Amino acid sequence: MNEEAPAAVALNLPQEFLLLATNDKDGKPEVPLFALRTAVAGAVLAELELAGAIELQGKHLRTTGSPARDDLAPELELIRGKSRPHTPARWVSIMEGRSQVQRIYEGMAALGIVEHVGERHLARFRPVRYPERDHAPEAALLERLASALNAASPETRVPDGPSTGTPAGTPAGTPAGTPAGTPAGASAAQAGSGLPGTGRTRALALIALLEAAGLLHKLFPDADRSWASGLAKDYWPARAVEDELRLIRLAEEEAATL
């Protein structure tokens, strides 16, 4: 009897970012924690925009009335519940935090992609880490990003606004769908993630976030630095990450001089 191959898992942008920002073997972040948390917050905003749940109006973010995936519903409700709008950078500052990052890691652990390692033992606390358990999702993601980088031209930017994909409200871990026009036999990685936004749009959004966090050239040393910098500055979620990281570093520099 032939066993069916396991369905590809549709990861959202925060999950994809964390997967690439974490060392496969020891499970530790490849960037400082403050950069990790800031970039994850930016990835949450990017995912909500792709779902059509939020949009940038002038300098402020506003909700649209559209729902988001179940795994990002708390963040959407947080934005919706504020009495006055905030800038993207302000929302990144509000959302960045250890609990959010840990929740996303635990979601990937539940999917069998990473492993939860480290607990309190004999009154001693061992820091929790998330080494890789299944390399297939990351390998497919890196292939998709490499394809997007190879196809990019100097004018390539992240398309504005949401795109259709898997309907909003889809639970985390839903098998990836195959967009119309995908060649027969193409893998889920080739087709894209099956989440809101085309595979190319999602890849470019993630590339911009990786550039903002200082990770892109660790993963892809040959990537065009000038183009990647322009991509991040042109894409408001990545620009918000860069702005917040700049403020954090300035604050650290000032504190060091006191």
Side-chain angles (χ1 to χ4, degrees), residues 8-47 50 71-72 92 96 100-117 128-152 158 172-173 176 187-190 192-195 197 199-225 227-229 231-232 235 237-238 240-242 245:
V9 174
L11 299 180
N12 60 32
L13 285 174
Q15 290 171 324
E16 289 180 336
F17 178 85
L18 271 185
L19 191 59
L20 296 176
T22 305
N23 186 279
D24 296 349
K25 295 183 179 179
D26 63 26
K28 296 179 180 179
E30 297 281 13
V31 294
L33 279 176
F34 73 86
L36 186 80
R37 295 170 182 173
T38 300
V40 166
V44 168
L45 295 179
E47 187 67 56
L50 285 173
D71 48 359
L72 295 180
V92 166
E96 61 188 5
Q100 182 184 61
V101 170
Q102 187 172 12
R103 176 168 60 84
I104 296 169
Y105 269 133
E106 290 296 335
M108 289 196 291
L111 294 171
I113 299 172
V114 299
E115 183 178 4
H116 179 125
V117 176
V128 176
R129 296 173 287 109
Y130 294 91
E132 193 172 71
R133 185 175 180 182
D134 179 6
H135 185 64
E138 184 177 6
L141 177 57
L142 288 169
E143 180 182 354
R144 183 157 56 90
L145 294 183
S147 178
L149 286 167
N150 289 334
V158 183
S187 68
Q190 293 168 323
S193 66
L195 293 164
R200 178 175 178 272
T201 297
R202 298 184 65 81
L204 290 172
L206 183 56
I207 288 169
L209 291 163
L210 290 169
E211 170 66 16
L215 263 174
L216 181 64
H217 295 284
K218 293 181 180 180
L219 297 168
F220 300 97
D222 295 331
D224 186 325
R225 287 182 177 271
W227 169 79
S229 177
L231 184 75
Y235 184 47
V241 170
E242 289 184 332
L245 289 177

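Since we're looking at a predicted model, the values are computed, not measured.
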Novice: Mark yes or no for whether Q15, through its side chain, and N12, through its backbone, hold a donor-acceptor pair below 3.5 Å.
Specialist: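 It does hold such a pair.
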
Novice: For the backbone of R133 and the side chain of E115, can you confirm whether one donor and one acceptor N or O come within less than 3.5 Å of each other?
Specialist: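 Here the side-chain-to-backbone pair does not exist.
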
Novice: Quick one: list whatever passes salt bridge (charged side-chain N to carboxylate O under 4.0 Å, His left out) with R103, sequence neighbours left out.
Specialist: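 So R103 forms a salt bridge (charged side-chain N to carboxylate O under 4.0 Å, His left out) with E75.
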
Novice: Roughly how far apart are E138 CD and D24 CG, rounded to 0.5 Å?
Specialist: 4.5 Å

Novice: Short question: side chain of K218, backbone of E30 - any donor-acceptor pair under 3.5 Å?
Specialist: yes

Novice: Would you call the rings of Y130 and Y105 parallel, tilted or perpendicular, taking 30° and 60° as the class edges?
Specialist: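 Because their plane-to-plane angle is under 30°, the rings of Y130 and Y105 count as parallel.
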
Novice: Does any non-hydrogen side-chain atom of I104 lie less than 4.5 Å from one of V40?
Specialist: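 They are in side-chain contact.
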
Novice: Look up atom CD in E132 and atom CG in N23, then write down how far apart they are to the nearest 0.5 Å.
Specialist: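 Between E132 CD and N23 CG, I get 9.5 Å after rounding to 0.5 Å.
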
Novice: How long is the gap from CG on L11 to CD on E16, to the nearest 0.5 Å?
Specialist: 5.5 Å

Novice: Hey, does R225 have a side-chain heavy atom less than 4.5 Å from the side chain of E211?
Specialist: no

Novice: Which residues pass the ring pair (Phe, Tyr, Trp, His ring centres under 6.0 Å) test with Y235, sequence neighbours left out?
Specialist: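 Checked Y235 against ring pair (Phe, Tyr, Trp, His ring centres under 6.0 Å); zero matches.
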
Novice: Of all heavy-atom pairs between A41 and V92, which one has the smallest distance, and what is that distance?
Specialist: CB-O, 3.7 Å

Novice: When rounded to the nearest 0.5 angstrom, what is the spacing between CG in L145 and CZ in R202?
Specialist: 11.0 Å

Novice: So do H116 and E106 actually touch side chain to side chain, heavy atoms under 4.5 Å?
Specialist: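 Result yes, sub-4.5 Å side-chain heavy-atom pair found.
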
Novice: How far does CG of L149 sit from CG of D224, to the nearest 0.5 angstrom?
Specialist: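 Spacing of CG (L149) from CG (D224) equals 9.5 Å.
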
Novice: In Å, rounded to the nearest 0.5 Å, how long is the span from CG of L20 to CG of L142?
Specialist: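 Rounded to the nearest 0.5 Å, the CG-CG separation comes out at 5.5 Å.
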
